[in-house]
Amino acid sequence: MKQFYDSNKNVFISFGVVFLVFILLFLFLQDFKPVHEHKVNQLKVLTQEEFEAGVWRDHREFEEINKVDLGLIKEDFAILMDLSDYPNYGKHSIMEFNSPVFRKAHLYRIGENGEKRLVANAGNLTKESNPFKHPNPIYEILTEEGDSPYLVAEFQSEVPVNFTVTISPKFSFFQDYSHRLLIVSIYMGLMLALFMYNLILYFSVKDKAYLYYCLYILFIGLAQLSIMGYTYYFFLGENAYLYEVSIIGFTVIASLFGIPFVRIFLKTKEYVPVLDKILLILMGSYALTLVLRLSGLVEMSYFLTDLNGLAIVTVFLTTGIILVKKGFRPAVYFLIAWGLFLVGLVIFILQNLGVINLDGYANFPMLAGTACEAILLSLALADRINILKKEKEQEQSEKLAALKENERLVKQQNSMLEEKVHSRTEELEKTLKNLQDTQTQLVNQEKMASLGQLTAGVAHEINNPINFVSSNVNPLKRDVADVIEIMEAYREKGQKEFSEETLKSLKRLEDEIELDYVKGEIDQLLQGMEDGAKRTVEIVKGLKLFSRVDEQDVKKVDLHAGISSTLVLLNSSMSNKIQIVKDFGKIPMVECLAGKINQVFMNIVNNAVHALTEHLDKNPNPEIIIRTSMDGNDFVKIEIIDNGPGIPEEVKARIFEPFFTTKPVGKGTGLGLSIVFTIIEKHNGTLEVESCPDAGTAFIIRLPVHQESDMI
């Protein structure tokens, strides 16, 4: 119980404040009760036929009637009244018929001789008898000489008739009227403020409950004002038909907004689904009520309105009690609010039964009840924001926990997937590597086979003629030397034996053919032929050494000889512009496939030559350093270093990929370094690249001195 009180402390405080206001309002109404007002209860109801026949002239048998309740009467009727017991009889007084629904209200004063004199003639909801926009028919009673204490009023109404008759001094009436206007104004201001407050909340939180509730406040307020007759003047343009329809219409519209509000506010669909379906049925019943009223079935529409009201109160209270027992906090506000509304309803009923007397303020307890209900439910909706906030925080907490759990599961799944992907990737990488190795090997074998055959063929074809030339150079030199020697002997003898004239003739001939120059040119030509023959022999030897077509097995090879033969073959592409520095260390013979290793040297040095020749304008002293040394006891290290432009990092990461090249189309296949890498790998060696932009590039090769027996 204590926990229930603590969780709903604000509810009970709000209830206490509103209930106190309700009691103060009730006492306030009691103080406002007109002191000098007199209820006319000596009445006789006459039919239209009796009124027209003049029954009122002679028939003066009155009944004591506190309230005239005729229901829906389709014909005109009349009320005969006796004012003889009114203490202020004969003075200026105001008579009021406490109902705003009369289409016609004619009041007649009866003289001593039984004749009637018209006091006021009013129709269309008695406009002429309602000065100051007073909702009820009111008449100033002036007693003249010869007037009897009897009056008769003729009425017509299109809606059920239920009213009392009061008479009071003029000053008392206007004081009472100002009190009523004050209370109605306060009520209208309060309901309008609550309407605007909840409308602003709706636009702030976008919750339909606030929209339904603010519209409910608007129309329940209009319904109460219609019952009191004020909407005829202030909202409906003094249209009698619209006013008569509004008594039912505003009540129905208020219910059609109030029921959806209650369904959302109390979550009836979730907590009390059976009662929620009943509420939907009641919405249909209220809609039917409005259709009946618009169709002219007035009495049935009023009956159905009363029946719906009884049902809706029962369902609402039942729903509230059930949800309070379930600990649903908004239901406490709701139950208290409807309790205050029922208090106002009970006071209204007690007034109708005559237990208490509020006279002209008979409808005001209902105003107080609806106002207190509106205030409490507005407080409940304000509290709903806190509840929604807590629910949202709880929902966010649950979502956060769910997200964390999902994150954990996702991480677990990701870990499993990563393991599977890693395993699968390793398999695919292994397969891809095998395919790449196979592809590179096939390309390499095909290229080397073709290159070896071409080289061997060229070397073979050149070898015979160049051997012929080189073998004939020395005999030719000897023969030419002999000829020159004989020629010199003739010149020497001729100086002694030839005549002067002959000598002069020979001298002229020598000068014409430039004998000394020819002798020097012959020496140069012979020397050039000898040098060219030797150079050609070296090229052929280098081709044979590079191709190694007759060496398909692993053998011990002199790497220095292979490097030298490579440089011989590339000599023409260097154009004597690139300086080659051989820094050969002491290294042993290395077991390898000589042709493959020569191909490695060829590709690397060739790339260096291309890099240097393409940037001669920026590098006036291009240089390639080839350094050999031992790396431990089992490995030989070969370094090929250039001082070219270097390799960018993004290119360096891909230089060993097959078919990747930075050379223009038609100048590179993209297979050179890929083949080099594969060859070194097959020899169980390593190949590293060190390069910085504008600082040159170094290829570092490490080869084992001895190969394993199963190396292909």
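Only this structure's heavy atoms are used, side chains among them; waters, hydrogens and symmetry mates stay out.
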What one should report as the nearest heavy-atom pair of Gly562 and Asn598 is CA-OD1, 3.3 Å
Between Lys411 and Glu407, is there a salt bridge with N-O shorter than 4.0 Å? yes
Where Ala611 and Pro645 come nearest, the two heavy atoms and their spacing: O-CD, 3.8 Å
Minimal heavy-atom distance between Pro704 and Phe635, with the atoms involved, is N-CD2, 3.5 Å
Quick check: are there more than 12 heavy atoms from other residues, nucleotides or ligands sitting under 6.0 Å from NZ of Lys326? yes
Taking the side chain as C-beta and beyond, is there a heavy-atom pair between Leu409 and Glu405 under 4.5 Å? yes
Are any side-chain N or O atoms of His683 and backbone N or O atoms of Gln707, one a donor and one an acceptor, separated by less than 3.5 Å? no
Do Phe261 and Leu211 have side-chain heavy atoms sitting under 4.5 Å apart? no
Leu275/Ile322 under side-chain contact (heavy atoms from CB on, under 4.5 Å): CA gap, chis, key distance, verdict: CA-CA 11 Å; Leu275 293 177; Ile322 292 173; 3.9 Å; yes
Give, for atom CE of Met589 and atom CD of Glu591, the distance between the pair rounded to the nearest 0.5 Å. 10.0 Å
When rounded to the nearest 0.5 angstrom, what is the spacing between CG in Leu432 and OG1 in Thr425? 11.5 Å
Grab the two heavy atoms, one from Met630 and one from Val705, that are nearest each other, plus how far apart they are. CE-CG2, 4.3 Å
Atom pair CD (Glu688) and CZ (Phe699), whose distance is rounded to the nearest 0.5 Å: 11.5 Å
Distance, nearest 0.5 Å, that separates CD1 of Ile264 from OH of Tyr213: 14.0 Å
For Ala594 against Val557, the heavy-atom pair lying closest together: CB-CG2, 3.6 Å
Which residue is it: Val274, Thr319, Leu280, Ile259? I am looking for the one with a side-chain contact (heavy atoms from CB on, under 4.5 Å) to Thr268. Thr319
Are the side chains of Ile638 and Phe601 in contact, using a 4.5 Å heavy-atom criterion? yes
Nearest-0.5 Å distance that lies between atom CG in Asn643 and atom CD in Gln579: 9.5 Å
What I'd like to find out is whether the side chain of Asp583 reaches to under 4.5 Å of the side chain of Thr628, using heavy atoms alone. no
Can we say Glu427 and Arg424 salt-bridge, meaning some charged N sits less than 4.0 Å from an Asp/Glu carboxylate O? yes
Minimum heavy-atom separation for Val554 to Leu593, with atom names? N-CD2, 3.8 Å
Candidate pair Asn607 and Thr697, rule side-chain contact (heavy atoms from CB on, under 4.5 Å), full reasoning: CA-CA 11 Å; Asn607 285 343; Thr697 303; over 6 Å; no
Does the Asn406 side chain pair with the main chain of Ala402, one donor and one acceptor, at a distance under 3.5 Å? yes
Considering residues, nucleotides and ligands other than Glu690, do more than 12 of their heavy atoms fall under 6.0 Å from its CD? no
Donor-acceptor check, side chain of Ser564 to backbone of His560, threshold 3.5 angstrom: yes or no? yes
Evaluate the criterion side-chain contact (heavy atoms from CB on, under 4.5 Å) for residue pair Glu639 and Ile625; output intermediate values, then yes/no. CA-CA 8 Å; Glu639 299 173 77; Ile625 300 174; over 6 Å; no
Is any side-chain heavy atom of Val262 closer than 4.5 Å to one of Leu266? yes
Test Gln396 against Leu400 for side-chain contact (heavy atoms from CB on, under 4.5 Å), laying out the working first. CA-CA 6 Å; Gln396 288 178 342; Leu400 182 60; over 6 Å; no
Close side-chain approach of Leu687 to Ile701, heavy-atom, < 4.5 Å: yes
Taking the side chain as every heavy atom from C-beta outward, state whether Leu567 and Ile626 have any atom pair closer than 4.5 Å. yes
CG (Leu703) and CD1 (Ile679) are apart, to the nearest 0.5 Å, by 10.5 Å
Does any part of the side chain of Ile563, heavy atoms only, come nearer than 4.5 Å to the side chain of Lys582, both counted from C-beta? no
